[in-house]
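Every value quoted in this text rests on a predicted model; they were computed, and no experiment measured them.
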Amino acid sequence: MIPKSFIHDLLNRLDIVDVIERYVPLKKAGANYVACCPFHNEKSPSFTVSQSKQFYHCFGCGAHGTAIGFVMEHGGLGFVNAVEELARSAGVTVPREAPMPEQAQHKVTPDLYEVMQSATRYYRDQLKQSSRAIDYLKRRGLSGEIASRFGIGYAPEGWQNLGNIFASYQDSSLLETGLVIENEDGKRYDRFRDRIMFPIVNVRGQVIGFGGRVLDSGDPKYLNSPETALFEKGRELYGLFQAMKAIRAKRQVLVVEGYMDVVALVQHGIEYAVATLGTATTPYHVQKMLRLTDKVMFCFDGDAAGQRAAWRAMENALPQLVDGKHIGFLFLPSRHDPDSFVREQGTAAFEQLLQEALPLSKYLLRELSIQVDLHTQEGRTAMLQRAKPLLTVISAPTTALLLRKEVAALAGITQTELEALYAIKPIGALPRRALQKAARPVVSNLRVLLRCLLFQPDLARELPENWIPVGAEAAAITALIEWSRMQEGAISSSAMIQNFQGTAHESLLAAELAEIMQWGETFNVVAEFQDVLTRLRNGQRKQQLQALHVKMHDTGMKGLDEQERSLYLQLLQRSELK
């Protein structure tokens, strides 16, 4: 476990401008730096980096965070890996501390990666010694070069083969990595037996899991590693590490359903293919790929299972859509998967099919239309009901607008009527006067206080100990105050933001920090803080006075206890002095 104090120190050592410029060229623009966003396609730069706040925000797609967050998002790294990479660049070593008892089960140590690497070497060695496994791969058209590139191996028959390579077959790491299974009697045995082994590798090239395929017949056809401290299948893609270079060069990624599909496509020169890991495409998968490239193509079998998988992928893709990026769907002819098609028809034929793939919008409209009779009122009603949960989750404004128009036209109603029916905010340009008015809206006292704390976190320590904020931003402000008072020394904005990443307060804090980034250094934080503190105190006194007046309504001063009478006189005196 990495100490939080080290995270704060690391962020204080780094300059986010230097970090981001390793990946994206930045240009000075007033107090900030700007660039075209690396996370979505745009022609005018909306990606803004604040050197004073050590924070980035894209005003186009909403991506935001600290130097750690940028390295995670741009490189597809986990938090620990991103911290380690930044620490290396800063010339410091990442310390570790023992986790709390309740966190012990989530501990990830380098030892687990070493265990997985040892198993990978063992399976590769076993492949060389198994003519049966080698013949199987040859029949599937795989060369030794491709097998080596993907680290493909073979788990031999037998129940405890891994006992030959590890000092203790009872070591807990074998269970933690999912390499062995322990039954109810406490007896252990290898999870993978008599299977072709496909190592699952993270973006750092570390083996985190395995997929095993039977050579002949047997169930299950594919067996995957379980969820472990290293491996979360809903966040990983098979072959992504090997495909990264080709994805960036080709500016697209092809998503298929199986390990053999990936390696067969690569064997035939289609090197930008990845596969999900025995699960439906998740929102995280879509988000991860859209941040790597502008074009994501899904390829499914043409059967009923393929159609269901495609629909699920589309549902999870809709909330992640970004204007200017393309998602498409390719359905192969019956009785074909990518592996069989490319081996039988060749690379050119497969890529031609890919060119003819359905864009997400056409696929969505087709599926909504073919399941109902649009010539009847009942059919159009059913179509509108089915479209509602799909259209209302799209946040990409242009895509949402065009799809609403298309669906409304299919139903024979106007876009305005559809938006009213779905109770969603209309998409359209505000009058110029309204835009000008909204440029600097009047905000609440608590919102101003929140901005002051983000601008200069140390101010939290100057707030009264017994002060309790009341209002929409109260929870976030309370959390900031409590956290700030627990810190030692000066606090940076980036450390504060990093601490609240992934919490319920993240979106509010990021939005407010993005707001003050646009003001540059013109925000007089000390003056604003003192002013808002005075207004808040006056407001609190007014509320207290009103509450005491209500209590005194029938009985006068007699209705108050001694402490309340003293408070009333103090408040009344201050009110008269104003």
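Heavy-atom minimum distance, Leu453 versus Ala460: CD2-N, 3.5 Å. Between Ile16 and Ser50, the shortest heavy-atom distance links the atoms CG2-O, 3.8 Å. For the residue pair Glu257 and Ala275, the shortest heavy atom distance occurs at C-CB, 4.2 Å. When every heavy atom of Leu368 is checked against every heavy atom of Ala387, the shortest pair comes out as CD1-CB, 3.8 Å. Looking at every heavy atom in both residues, Ile200 comes nearest to Gly211 through CD1-N, 4.0 Å. In terms of heavy-atom proximity, Leu508 sits nearest to Ala476 at CD2-CB, 3.8 Å.
Under the salt bridge (Lys or Arg N to Asp or Glu O under 4.0 Å) criterion, Asp9 pairs with no residue at all, not counting sequence neighbours. Legend: residues meeting salt bridge (Lys or Arg N to Asp or Glu O under 4.0 Å) with Glu271, ordered by chain and number and at least two apart, are Arg149. Not counting sequence neighbours, Thr120 has no partner by the side chain to side chain donor-acceptor pair (under 3.5 Å) test. Applying the side chain to side chain donor-acceptor pair (under 3.5 Å) test to Thr399 and every residue at least two apart in sequence or in another chain returns Asp323. Judged as a side chain to side chain contact (heavy atoms under 4.5 Å, CB included), and not counting sequence neighbours, the contacts of Val393 are Leu318, Pro319. Taking the side chain to side chain donor-acceptor pair (under 3.5 Å) definition, one finds that Ser484 meets it with nothing, sequence neighbours left out. The side chain to side chain contact (heavy atoms under 4.5 Å, CB included) search around Ala479 returns Phe500, His505, not counting sequence neighbours. With sequence neighbours excluded, no residue forms a salt bridge (Lys or Arg N to Asp or Glu O under 4.0 Å) with Asp15. Taking Glu315 as the reference, Arg312 meet the salt bridge (Lys or Arg N to Asp or Glu O under 4.0 Å) condition, with sequence neighbours excluded. Residues meeting the side chain to side chain donor-acceptor pair (under 3.5 Å) test with Thr281, sequence neighbours left out: none. Listed by chain and number, the residues in a side chain to side chain contact (heavy atoms under 4.5 Å, CB included) with Tyr33 are Val17, Leu26, Lys28, Val49, Gln51 (sequence neighbours excluded). Every residue meeting the side chain to side chain contact (heavy atoms under 4.5 Å, CB included) condition with Ile424, not counting sequence neighbours, appears here in chain and number order: Thr392, Arg404, Glu419, Tyr422.
A distance of 5.0 Å separates CD1 in Ile247 from CG in Leu240, rounded to the nearest 0.5 Å. Atoms CD1 and OG, on Ile7 and Ser494 in that order, are 11.0 Å from each other to the nearest 0.5 Å. The line from CD of Gln287 to CZ of Arg235 is 8.5 Å long, rounded to the nearest 0.5 Å. Annotation: the span from Ser173 atom OG to Leu112 atom CG amounts to 6.5 Å, rounded to 0.5 Å. Taken from CD in Gln206 to CZ in Phe241, the straight-line distance is 9.5 Å, to the nearest 0.5 Å. To the nearest 0.5 Å, the span separating CG on Leu454 from CZ on Phe55 amounts to 9.0 Å.
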Subject >> Test side-chain contact (heavy atoms from CB on, under 4.5 Å) applied to Val92 and Leu10, step by step >> reply: CA-CA 8 Å; Val92 295; Leu10 178 62; 4.2 Å; yes
Original post:
Could you walk me through whether Leu449 and Phe529 pass the side-chain contact (heavy atoms from CB on, under 4.5 Å) check?
Top reply: CA-CA 6 Å; Leu449 176 62; Phe529 178 75; 3.6 Å; yes
**OP:** Dump the intermediate steps for side-chain contact (heavy atoms from CB on, under 4.5 Å) on Met297 and Val255, then the final yes or no.
**Re:** CA-CA 6 Å; Met297 305 299 292; Val255 188; over 6 Å; no
Subject >> Test side-chain contact (heavy atoms from CB on, under 4.5 Å) applied to Leu401 and Gln415, step by step >> reply: CA-CA 9 Å; Leu401 173 64; Gln415 177 196 337; 3.2 Å; yes
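For His8 and Ser5, the side-chain atoms include no donor-acceptor pair closer than 3.5 Å. For Tyr259 and Asn224, the side-chain atoms include at least one donor-acceptor pair closer than 3.5 Å.
Side chain of Thr66 to main chain of Gln498: no donor-acceptor pair is present (N/O by atom type, distance under 3.5 Å, no hydrogens or angles). At distances below 3.5 Å, at least one donor-acceptor pair connects side-chain atoms of Thr293 with backbone N or O atoms of Gln252. A donor-acceptor contact shorter than 3.5 Å is absent between the side chain of Gln456 and the backbone of Cys452. Distance alone, capped at 3.5 Å, places no donor-acceptor pair between the Asn499 side chain and the Ala495 backbone. Side-chain atoms of Thr276 never come within 3.5 Å of backbone atoms of Gly278 as a donor-acceptor pair (strictly under, hydrogens ignored).
For His57 and Phe59, the ring centers are positioned less than 6.0 Å apart. A ring-centre distance under 6.0 Å is not found for Phe198 and Phe150.
Counting heavy atoms from C-beta outward, Glu85 and Arg88 have side chains that approach closer than 4.5 Å. At least one side-chain heavy atom of Met244 sits less than 4.5 Å from a side-chain heavy atom of Leu292. For the pair Tyr272 and Leu254, the minimum side-chain heavy-atom distance is below 4.5 Å. A 4.5 Å side-chain heavy-atom check between Leu11 and Gln54 finds every atom pair outside the cut-off. Contact annotation: the side chain of Asn81 never approaches that of Val71 to less than 4.5 Å [non-hydrogen atoms, C-beta and beyond]. Leu450 places a side-chain heavy atom less than 4.5 Å from the side chain of Leu509. Two residues are said to be in side-chain contact when any heavy atoms from C-beta on lie closer than 4.5 Å; Ser361 and Glu406 fail this criterion. The side-chain heavy atoms of Thr279 and His285, taken from C-beta on, include a pair separated by under 4.5 Å.
The environment of Arg13 atom CZ is sparse: at most 12 non-hydrogen atoms of other residues, nucleotides or ligands sit within 6.0 angstrom.
Shown are Arg248, Lys325, Lys250; of these, the salt bridge (charged side-chain N to carboxylate O under 4.0 Å, His left out) with Asp294 is made only by Lys325.
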